[in-house]
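One structure is given below, encoded as structure tokens.
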Amino acid sequence: MRTLTTRAKVAWAVITVVVLVWALLPVVSIIATSFKLPSQLNLGTFWPKTWTTTNYEQIFAGSAKDLFLPALRNSIGISLIATFVAVVLATLAAYAIARLDFRGKKLILTTALGVSIFPVISIVTPLFNLWRNIGLYDTWLGLIIPYLSLTLPISIWTLAAFFRQIPWELEQAAQVDGATSWQAFRKAIVPLAAPGVFTTALIAFFIAWNDFVYGISLTSTSAARPVPAALAFFTGASQFEEPTGAISAAAVVVTIPVVILVLLFQRQIVSGLTQGAVKG
Amino acid sequence: MTSSAVAPGATTSENGEPRAARRSDRARDEARLGWWLAGPAFVVMLAVTIYPILQAFYDSLFSYRLTAPSDKEFNAGQNYVVVLSDPVFWQAFLVTAVITIITVLVELVLGFFLALVMHRAIRQLRGVLRTAILVPYGIITVVSAFAWFYAFDINSGFVNHWFDWVPGIDPDLNWFAHQGTSLFVIMASEIWKTTPFISLLLLAGLSQVPGELEEAAQVDGATAWQRLQRVVLPNMKAAIMVAVLFRALDAFRIFDNVFIMTNGANGTDVLSLLAYRTSIGRLEIGLGSAISVLLFLCVIGICFVAIKLFKVDLASARGEG
């Protein structure tokens, strides 16, 4: 490895600090806000003067409990199911695209691209009306179906790119060596495909977890309302109090798991996103 | 999923058919299996987009309010006349266009810088930098909107106190009471949240630039700036174009941050919010559908311009290049 000059070292140190501040300051600021006493919210300081967990008590046990906890359950359940369905369908489709020769491959990939740029709001109006007529309004299924329009296209793209790189000859090689076709598939292909499927699931989950337009348009109660939509309905403990602290605490609660996932899997996420987007 | 079903040689070959017929049989089997596997995903994608947009187009031709559903009647494009002659629509269109253009330009520069940082970073720093850059990507847009909103808010914010030495900023500045300052914060949060995505696309393009070319240019005495201009950028033109198109389409749909920060007040209304307020807020399905269809046409228009005029090569984005 080349040794760095002092100047280069200083330059990298400065760049690192700048990037870290840019990327993390808004996150740290909402964490700081979430620990402020409601009465000290307007001091204009960055850090809390007195650190308190009042806001967290409010969303987990206090007045905002009935708003936040069902929303958290809805968000986790709906996002997980939408991710699972998308990844299963996309795995089958991506396998066919990477492995089989058939007309219509291009059509499927182009459709996925078209769906991924579709303006969500254009889908919402007709669904809002239809869901009310057929009873899917304000239900889990009523959100899972439109979430597929978000999670499915990117899953197909990412997985197709991953699967194209798998050396499928390994499977035949294993069969030549005496493995049954199922063994060959399980022992040779699954270990190679699994990281791609996992990364895709992670990316699809982030997208479903992030949704706001569907969440706020197609739900009306805590029966199906996900967290991002619920945050917009928080109110203060009294009508003279801003819900700033409770919203910040809830925001932190739904952000921390995602940040941990990013920390653990940054390498996979980067390769998944870059391969799915531009040729791998 | 049994891959053996398509393993070469698995099709019928012992029954003495002519070679060509056997091959086409196999091709047909393979095509059929391909559609069996990819079909469900394909059908679901169409069902969740094509059907709603057709329904929206149909509804947009009627005078249709959910508050008076029995008064639904065909009015032959009257909704479009109403929408297109309403200054509110054009104001929202203009704001959306301005947000799209400014955020995409800023993100392109910032994203390229971040991509370079990730590409060149020394090994000890690479993980830290990459993780930090990914954090905004993982954060919910609504959460990012609240974080930026509270930071700039006149009551709870710290920005006015930190930056009161900047001319024009003082503790009494209410960022969300004016169009310009509101849009500034909205765009800042949008840029913060989505630059990681564009920088990853650019990073993929950057890693495709042949290293030898750059070295050769360096040997020939080209400065860093010249190498960037003459070697790196031309070689990643396709990646840049795809990144810009994706981001532009995404920015054009902006909704979450505007909803949270201003809800369209003080001249910050955008097209998505206008459509939402019309159909879901006021239950004017006919008018709301017309706005939805117009928004959809705008997206098609942007794609058309990008592909025809700027020759964005989507094949390279489709993973086929």
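All chains are named by letter (A, B, ...) in the order of the sequence lines, taking the proteins before the strands, and each is independently numbered beginning at 1.
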Exercise for the section: Give the intermediate values and the outcome of salt bridge (charged side-chain N to carboxylate O under 4.0 Å, His left out) for residues A/Arg99 and A/Glu171. Expected result: CA-CA 12 Å; A/Arg99 200 81 219 266; A/Glu171 196 182 31; 3.3 Å; yes

Exercise for the section: Please flag which part of B/Cys303 lies under 4.5 Å from any non-hydrogen atom of chain A: side chain, backbone, both or neither. Expected result: side chain

Handout entry: Proximity breakdown for A/Ile145 and chain B, heavy-atom pairs closer than 4.5 Å
Key = both

Problem - Side chain, backbone, both or neither of B/Phe252 within contact of chain A (heavy atoms, under 4.5 Å) - result: neither

Exercise for the section: Using non-hydrogen atoms and a 4.5 Å limit, figure out which bit of B/Leu273 sits close to chain A: side chain, backbone, both or neither. Expected result: neither

Practice task
Compute the centroid of each ring, for A/Tyr95 and then for A/Trp168, and state whether the two points are separated by less than 6.0 Å.
Solution key: yes

Handout entry: Note, B/Leu110 side chain near A/Trp22 side chain (heavy atom, < 4.5 Å)
Key = yes

Problem - B/Asp59 versus chain A, the contacting section by heavy-atom distance below 4.5 Å - result: side chain

Problem - B/Trp162 versus chain A, the contacting section by heavy-atom distance below 4.5 Å - result: side chain

Problem - Side chain, backbone, both or neither of A/Ile216 within contact of chain B (heavy atoms, under 4.5 Å) - result: both

Handout entry: Portion of B/Leu200 that has a non-hydrogen atom of chain A nearer than 4.5 angstrom
Key = both

Problem - Flag if over 12 foreign heavy atoms under 6.0 Å of CZ, B/Arg126 - result: yes

Handout entry: Side chain, backbone, both or neither of B/Tyr58 within contact of chain A (heavy atoms, under 4.5 Å)
Key = neither

Problem - When B/Ala56, B/Gly127, B/Ser272, B/Gly288 are compared by non-hydrogen pairs under 4.5 Å with chain A, the top option - result: B/Ser272

Handout entry: Contact origin within B/Phe296 toward chain A - heavy atom pairs under 4.5 Å
Key = both

Exercise for the section: Below 4.5 Å from any heavy atom of chain A, which atoms of B/Ala47 appear? Answer side chain, backbone, both or neither. Expected result: neither

Problem - Worked check of side-chain contact (heavy atoms from CB on, under 4.5 Å) between A/Phe163 and A/Thr91 - result: CA-CA 9 Å; A/Phe163 285 176; A/Thr91 303; 4.0 Å; yes

Problem - Region of A/Leu231 that comes under 4.5 Å of a non-hydrogen atom in chain B - result: both

Practice task
Pick one of side chain, backbone, both or neither for A/Thr255, based on which atoms fall under 4.5 Å of a heavy atom in chain B.
Solution key: side chain

Practice task
Decide yes or no for B/Ser207 and B/His119: does some side-chain heavy atom of the first lie under 4.5 Å from some side-chain heavy atom of the second?
Solution key: yes

Problem - Parallel, tilted or perpendicular: ring planes of B/Phe246 versus B/Phe197, cut at 30 and 60 degrees - result: parallel

Practice task
Measure the shortest side-chain to side-chain distance between B/Asp170 and B/His161 over non-hydrogen atoms and say whether it is less than 4.5 angstrom.
Solution key: no

Exercise for the section: Counting only heavy atoms closer than 4.5 Å, note whether A/Arg267 contacts chain B via side chain, backbone, both or neither. Expected result: both

Completion exercise
When the 4.5 angstrom heavy-atom criterion is applied to B/Ile260 and chain A, the contacting part is side chain

Fill in the blank from the handout: Honestly, the part of A/Ser155 sitting under 4.5 Å from a heavy atom of chain B is neither

Handout entry: Among B/Asp153, B/Val159, B/Ile285, B/Ile154, residue most engaged with chain A (heavy-atom pairs, under 4.5 Å)
Key = B/Ile285

Practice task
Please flag which part of A/Phe128 lies under 4.5 Å from any non-hydrogen atom of chain B: side chain, backbone, both or neither.
Solution key: side chain

Problem - Heavy-atom pairs under 4.5 Å with chain A, option from B/Phe42, B/Trp36, B/Phe113, B/Trp148 with the top count - result: B/Phe42

Fill in the blank from the handout: chain A shares the most heavy-atom pairs under 4.5 Å, among B/Gly34, B/Ala151, B/Ala132, B/Gly281, with B/Gly34

Practice task
Measure up the A/Trp209 and A/Phe205 rings against each other and bin them: parallel (under 30°), tilted (30 to 60°), perpendicular (over 60°).
Solution key: parallel

Exercise for the section: Using non-hydrogen atoms and a 4.5 Å limit, figure out which bit of A/Ala112 sits close to chain B: side chain, backbone, both or neither. Expected result: both

Handout entry: Min side-chain heavy-atom separation B/Leu66-A/Arg132 under 4.5 Å
Key = yes

Handout entry: Heavy-atom donor-acceptor pair, A/Ser122 side chain to B/Ser292 backbone, under 3.5 Å
Key = yes

Exercise for the section: Select one option (side chain, backbone, both, neither) describing which atoms of A/Asn129 are under 4.5 Å from chain B's heavy atoms. Expected result: side chain

Practice task
Using non-hydrogen atoms and a 4.5 Å limit, figure out which bit of A/Leu130 sits close to chain B: side chain, backbone, both or neither.
Solution key: side chain

Practice task
Would you mind checking which part of B/Phe255 comes under 4.5 Å of any heavy atom in chain A, side chain (CB onward), backbone (N, CA, C, O), both or neither?
Solution key: side chain

Handout entry: A/Phe206, part contacting chain B, at a heavy-atom distance under 4.5 Å
Key = side chain

Handout entry: Most chain A-contacting option - heavy-atom pairs closer than 4.5 Å, from B/Tyr150, B/Tyr51, B/Tyr137
Key = B/Tyr150

Problem - Which atoms of B/Trp192 approach chain A - backbone, side chain, both or neither, heavy atom under 4.5 Å - result: both

Exercise for the section: Pick one of side chain, backbone, both or neither for B/Val299, based on which atoms fall under 4.5 Å of a heavy atom in chain A. Expected result: side chain

Practice task
Under 4.5 Å heavy-atom distance to chain A, tell me which part of B/Leu249 shows up: side chain, backbone, both or neither.
Solution key: side chain

